[in-house]
Trainee: 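Questions regarding the structure given below will be posed in turn.
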Amino acid sequence: MKVLVPVKRVIDYNVKARVKADGSGVDLANVKMSMNPFCEIAVEEAVRLKEKGTATEVVIVSIGPAQAQETIRTALAMGGDRGLLIQSDTDLEPLAVAKLLAAVVKEESPNLVLMGKQAIDGDNNAVGQMLAALLDWPQATFASKVEVSASSAKVTREVDGGLQTIEVQLPAIVTADLRLNEPRYASLPNIMKAKKKDLAVKTAADYGVDTAPRLKVVKVAEPPKRAGGIKVESAADLVMKLKNEAGVL
Amino acid sequence: MAVLVIADHDGSAVRDTTNKTVTAALQLSSDVDVLVAGKGVDAAAASAAKIAGVKKVLTADSDALGQGLAEAYEALVVPLAAKYDAILIPSTSQGKNIAPRIAAKLDVAPISDIIEVVDANTFSRPIYAGNAIETVQSSDAKKVITVRPTVFKAAADGGSASIEKIDAGAGSAKSKFVSQEIVKLDRPDLGAAKIVVSGGRAMGSEDEFKAVIIPLADKLGAAVGASRAAVDAGYAPNDYQVGQTGKVVAPDLYVAIGISGAIQHLAGMKDSKVIVAINKDADAPIFQVADYGLVADYKTAVPELMEALSQAGK
């Protein structure tokens, strides 16, 4: 069984995003970048499927700048078999990303696409669902448990207020939520090995897909700042203020 | 322009996330219909028909819709979309599950989690977990939008829309429901609670987390949250996590106990109306966003707080 795992290079989740002074976007110059945390979870799940013998090949794909090769190498060091970068110097919208991934799926014919539910930069939470729609494949989003058999996947999903379990026929799209697993750290020998793994580089134009943006970013602004608060002296003082001043008790 | 709101409901009535999405829809147009889909939706449809400003309520009934399967929603909504210029869905887990699938079928860019309708084509939405607000203008003729319910006021009752049953469409044989485990909470749900009490790494153990945070939450009728550090350390389950990689909450009152205020935590709670922080480190970043800060060890401050709340009649 072949598993395809799309990954995205994003601002490291420990770094505070800062808005550019001209309001054109978020400043990514000299900022630490990493693999999107949800993508890491998807890679981990795919590698575990391979270790269990369910998956035979784990292919990592990323769409992004040349530096996204580093992100792919990280995934290869975790246990991916080979990588593909579709190089794009502009940040593509989810619809364009989904169309490119659909083209990759047609070429690679994976049985399962495992990916993060959301990238922590654009916060769209859209590509997995869109890819499923474009391929007419079933989707199992926000997975916290995945059991894969030869022809189907039983997926426990995080839904509001609890969990839902569905069974989807393969091929299918599964998107990973936080509780699915704890991703491993790549060991040094595996990082060295990953450098020799196959990593193909293509461009969006190679796939003949329409990637024109549908949304124009008018501006990017800082969220409204919270007014400075006060320090209270005691718990009793706090309760009094919450009751009389803030009116929330 | 005609707008369709896909309702969030519990089978007996629409949830207030639906009323809030109707508010966003009415900012786009006065021509707003609501779709109530599921299994056995008459009561929920009747409650949707009462929302002021709603013209017509459409109902669709099938097992697959009741199970929330995205493929069934695609089959129902995509043909319906021909009659509408915009489809608005509350940004719940189900809304997020179905909206992009519908958008891709219609070949439009979904606009996720909007917090403001600027004009008929322009919307604001948080990115980078709320550390930036992006305003986007859509060039798509048809729009598929999810609405962050916490920022819109709920449309009040007072309407009397007509109710029309429509064909539920066929589900997909490729996806099937197995089971559902909805946790019966004896306290409010984290995403919808008016008050949230969260504990951080300072708790030191799972037992301490339970002994300190739970009684305080019970006293306040609050939901329980935790910082990622507390979750990572195993003091609290992951579905308690508030932050960039957990839940984003905006209650009336957020009480942070022993939480230092790492970026990823602040991103998940800084839109709360009133923030209280109790931490013994006066320099903890949480105090920069707190309306009321108490510099004290939680070990003494929380019992005192419990006592003060009792005296205040809580």
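Quick note: numbers below take in every heavy atom, side chains included, and nothing from hydrogens, waters or symmetry partners. The structure displayed is predicted, hence computed values, not measured ones. Numbers restart at 1 for each chain; the letters A, B, ... are given by sequence-line order, proteins then strands.
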Trainee: Classify the side-chain pair B:Arg125/A:Asn124 by whether it contains a donor and acceptor separated by less than 3.5 Å.
Mentor: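 Short answer, yes.
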Trainee: Would you call A:Pro223 and B:Lys270 a side-chain contact if the rule is heavy atoms closer than 4.5 Å?
Mentor: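 Sidechains of B:Lys270 and A:Pro223: in contact.
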Trainee: Could you please state which residues from residues 5-14 of chain A sit under 4.5 angstrom from chain B, measuring non-hydrogen atom to non-hydrogen atom, sorted by number, or 'none'?
Mentor: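 From residues 5-14 of chain A, the residues near chain B are A:Ile11, A:Tyr13, A:Asn14.
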Trainee: Return yes when atom NZ of A:Lys145 has more than 12 non-hydrogen atoms of other residues, nucleotides or ligands closer than 6.0 Å, and no otherwise.
Mentor: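 Result for NZ/A:Lys145: open.
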Trainee: More than 12 heavy atoms of other residues, nucleotides or ligands under 6.0 Å from NZ of A:Lys2: is that the case?
Mentor: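 Atom NZ in A:Lys2 is crowded, with more than 12 foreign heavy atoms closer than 6.0 Å.
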Trainee: Using non-hydrogen atoms only, which part of A:Arg157 is less than 4.5 Å away from chain B: side chain, backbone, both, or neither?
Mentor: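 When you check distances to chain B, only side chain atoms of A:Arg157 fall under 4.5 Å.
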Trainee: Among B:Gln180, B:Glu304, B:Lys176, who wins on heavy-atom pairs under 4.5 Å with chain A?
Mentor: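 Heavy-atom pairs under 4.5 Å are most numerous for B:Lys176.
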Trainee: Report which part of A:Ala132 has an atom under 4.5 Å of a heavy atom belonging to chain B: side chain, backbone, both, or neither.
Mentor: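 For A:Ala132, heavy atoms of backbone and side chain both lie under 4.5 Å from chain B.
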Trainee: Does the side-chain contact (heavy atoms from CB on, under 4.5 Å) test come out yes or no for A:Ile166 and B:Leu69, once each step is laid out?
Mentor: CA-CA 9 Å; A:Ile166 61 172; B:Leu69 297 175; 3.8 Å; yes
Trainee: Where is the tightest heavy-atom contact between B:Ala132 and A:Val220, given as atom of each residue plus distance?
Mentor: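 Minimum heavy-atom contact is CB-CG1, 3.8 Å.
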Trainee: Relative to chain A, which segment of B:Ala290 carries a heavy atom at a distance below 4.5 Å: side chain, backbone, both, or neither?
Mentor: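 Backbone only.
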Trainee: With a 4.5 Å cut-off on side-chain heavy atoms, are B:Thr135 and A:Val217 touching?
Mentor: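 The answer is no; the side chains never approach within 4.5 Å.
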Trainee: Near B:Lys219 NZ, under 6.0 Å, is it more than 12 heavy atoms from other residues, nucleotides or ligands?
Mentor: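 Atom NZ in B:Lys219 is packed in, count exceeds 12.
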Trainee: Please look at A:Lys225 and chain B and tell me whether the side chain, the backbone, both or neither of the residue comes under 4.5 angstrom of a heavy atom of that chain.
Mentor: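 No part of it gets close to chain B.
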Trainee: Heavy-atom count check: over 12 atoms from other residues, nucleotides or ligands less than 6.0 Å from B:Lys194 NZ?
Mentor: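 Count not over threshold, so no.
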Trainee: Within this structure, what is the CG-CZ distance for the pair A:Leu178 and B:Arg228, rounded to the nearest 0.5 Å?
Mentor: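 Nearest 0.5 Å value for the CG-CZ distance: 5.5 Å.
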Trainee: Does B:Lys142 have more than 12 heavy atoms from other residues, nucleotides or ligands lying within 6.0 Å of its NZ?
Mentor: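 Check passes, neighbour count above 12.
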Trainee: Go through the atoms of A:Lys117 and report whether side chain, backbone, both or neither lie under 4.5 Å from a heavy atom of chain B.
Mentor: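 Contact with chain B involves no heavy atom of A:Lys117 at all.
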Trainee: Tell me which of these, A:Pro213, A:Pro94, A:Pro138, A:Gly229, has more heavy-atom pairs under 4.5 Å with chain B than the rest.
Mentor: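 Going by pairs under 4.5 Å, I would pick A:Pro138.
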Trainee: So does A:Arg214 pair up with B:Asp107, basic N to acidic O under 4.0 Å?
Mentor: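 Yes, A:Arg214 and B:Asp107 are salt-bridged.
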Trainee: Flag the one option from B:Asp252, B:Val289, B:Val118 with the top tally of heavy-atom pairs under 4.5 Å to chain A.
Mentor: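 Option with the top pair count is B:Val289.
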Trainee: Which pair of heavy atoms, one from A:Asn125 and one from B:Pro100, lies closest together, and at what distance?
Mentor: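 Minimum heavy-atom separation between A:Asn125 and B:Pro100: O-CG, 3.6 Å.
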Trainee: Using only heavy-atom distances, determine whether the side chains of B:Asn131 and A:Glu222 contain a donor-acceptor pair under 3.5 Å.
Mentor: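 No.
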Trainee: Counting a contact as any heavy-atom pair under 4.5 Å apart, which residues of residues 231-240 of chain A contact chain B?
Mentor: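 Under the 4.5 Å heavy-atom cut-off, A:Lys231, A:Val232, A:Glu233, A:Ser234, A:Ala235, A:Ala236, A:Leu238, A:Val239 qualify.
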Trainee: Roughly how far apart are A:Asp121 CG and B:Glu134 CD, rounded to 0.5 Å?
Mentor: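 The distance works out to 10.0 Å.
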Trainee: Is it the side chain or the backbone of A:Leu215 that comes within 4.5 Å of chain B heavy atoms, both, or neither?
Mentor: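 Both the backbone and the side chain of A:Leu215 come within 4.5 Å of chain B.
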Trainee: B:Ala173 versus chain A, heavy atoms under 4.5 Å apart: side chain, backbone, both or neither?
Mentor: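 Backbone only.
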Trainee: Heavy atoms only: give me the nearest B:Ile263-A:Val15 pair and the separation to one decimal.
Mentor: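 Heavy atoms of B:Ile263 and A:Val15 come nearest at CD1-C, 4.2 Å.
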Trainee: What closest approach, in Å, do B:Asn97 and A:Phe142 show between heavy atoms, and which atom pair accounts for it?
Mentor: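 Where B:Asn97 meets A:Phe142 most closely, the heavy atoms are N-CZ, 4.1 Å.
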Trainee: Look at the side chain of A:Gln139 and the backbone N and O of B:Ala70, then say whether any donor-acceptor pair between them is shorter than 3.5 Å.
Mentor: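 Answer holds: no.
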Trainee: Check whether B:Ile275 gets within reach of chain A through its side chain, its backbone, both or neither, counting any heavy atom under 4.5 Å.
Mentor: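 Contact with chain A is through both the backbone and side chain of B:Ile275.
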Trainee: If you look at every heavy atom in A:Met130 and B:Pro110, which pair is closest and at what distance?
Mentor: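 Minimum heavy-atom contact is CE-CD, 3.3 Å.
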Trainee: Taking atom CD of B:Gln264 and atom CD1 of A:Ile120, what is their separation to the nearest 0.5 Å?
Mentor: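 Result: 9.0 Å between the selected atoms.
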Trainee: Specify which of B:Leu253, B:Leu294, B:Ile278, B:Thr146 makes the most heavy-atom pairs with chain A at under 4.5 Å.
Mentor: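 Between B:Leu253, B:Leu294, B:Ile278, B:Thr146, the count favours B:Leu294.
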Trainee: When rounded to the nearest 0.5 angstrom, what is the spacing between NZ in B:Lys174 and OG in A:Ser152?
Mentor: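 The NZ atom of B:Lys174 sits 14.0 Å away from the OG atom of A:Ser152.
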Trainee: Kindly compute the distance separating CZ (B:Phe177) from CD (A:Gln164), expressed to the nearest 0.5 Å.
Mentor: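 Between B:Phe177 CZ and A:Gln164 CD, I get 5.5 Å after rounding to 0.5 Å.
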Trainee: Using the ring-ring contact (aromatic ring centres under 6.0 Å, His included) rule, collect all pairs that involve residues 261-300 of chain B, keeping only residues at least two apart or in two chains.
Mentor: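 Passing the test, one end in residues 261-300 of chain B: B:Tyr254-B:His265.
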Trainee: To the closest 0.5 Å, what do you measure between OG (B:Ser112) and CD (A:Gln118)?
Mentor: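 The distance works out to 8.5 Å.
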Trainee: Please answer whether the main-chain N or O of B:Val178 pairs with a side-chain N or O of A:Thr165 as donor and acceptor at a distance below 3.5 Å.
Mentor: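 No; zero donor-acceptor contacts below 3.5 Å.
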Trainee: Where does A:Asp136 contact chain B at under 4.5 Å (heavy atoms): side chain, backbone, both or neither?
Mentor: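 Both the backbone and the side chain of A:Asp136 come within 4.5 Å of chain B.
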Trainee: Between B:Ser172 and chain A, with a heavy-atom cut-off of 4.5 Å, which part of the residue counts as in contact: side chain, backbone, both or neither?
Mentor: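 Neither part, no heavy atoms under 4.5 Å.
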Trainee: Using a 4.5 Å heavy-atom cutoff, which residues in residues 242-249 of chain A come close to chain B?
Mentor: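 So far as heavy atoms go, A:Leu242, A:Lys243, A:Glu245, A:Ala246, A:Val248, A:Leu249 are the residues that approach chain B to under 4.5 Å.
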Trainee: Answer whether the closest heavy-atom distance between the side chains of A:Gln169 and B:Ser175 falls below 4.5 Å.
Mentor: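 No, their side chains stay 4.5 Å or more apart.
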Trainee: Can you tell me if CD on A:Glu182 sees more than 12 non-hydrogen neighbours from other groups inside 6.0 Å?
Mentor: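 No.
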Trainee: If we define contacts as heavy-atom pairs under 4.5 Å, which of B:Ala308, B:Gly293, B:Ala104 has the most with chain A?
Mentor: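 Max contact count across the listed options: B:Gly293.
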Trainee: Do B:Val136 and A:Val218 come within less than 4.5 Å of each other through their side chains, counting heavy atoms only?
Mentor: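 Side chain of B:Val136 against side chain of A:Val218, heavy atoms only: no contact under 4.5 Å found.
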Trainee: Is it the backbone or the side chain of B:Asp291 that comes under 4.5 Å from a heavy atom of chain A, or both, or neither?
Mentor: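 Answer is both: backbone and side chain atoms of B:Asp291 are under 4.5 Å from chain A.
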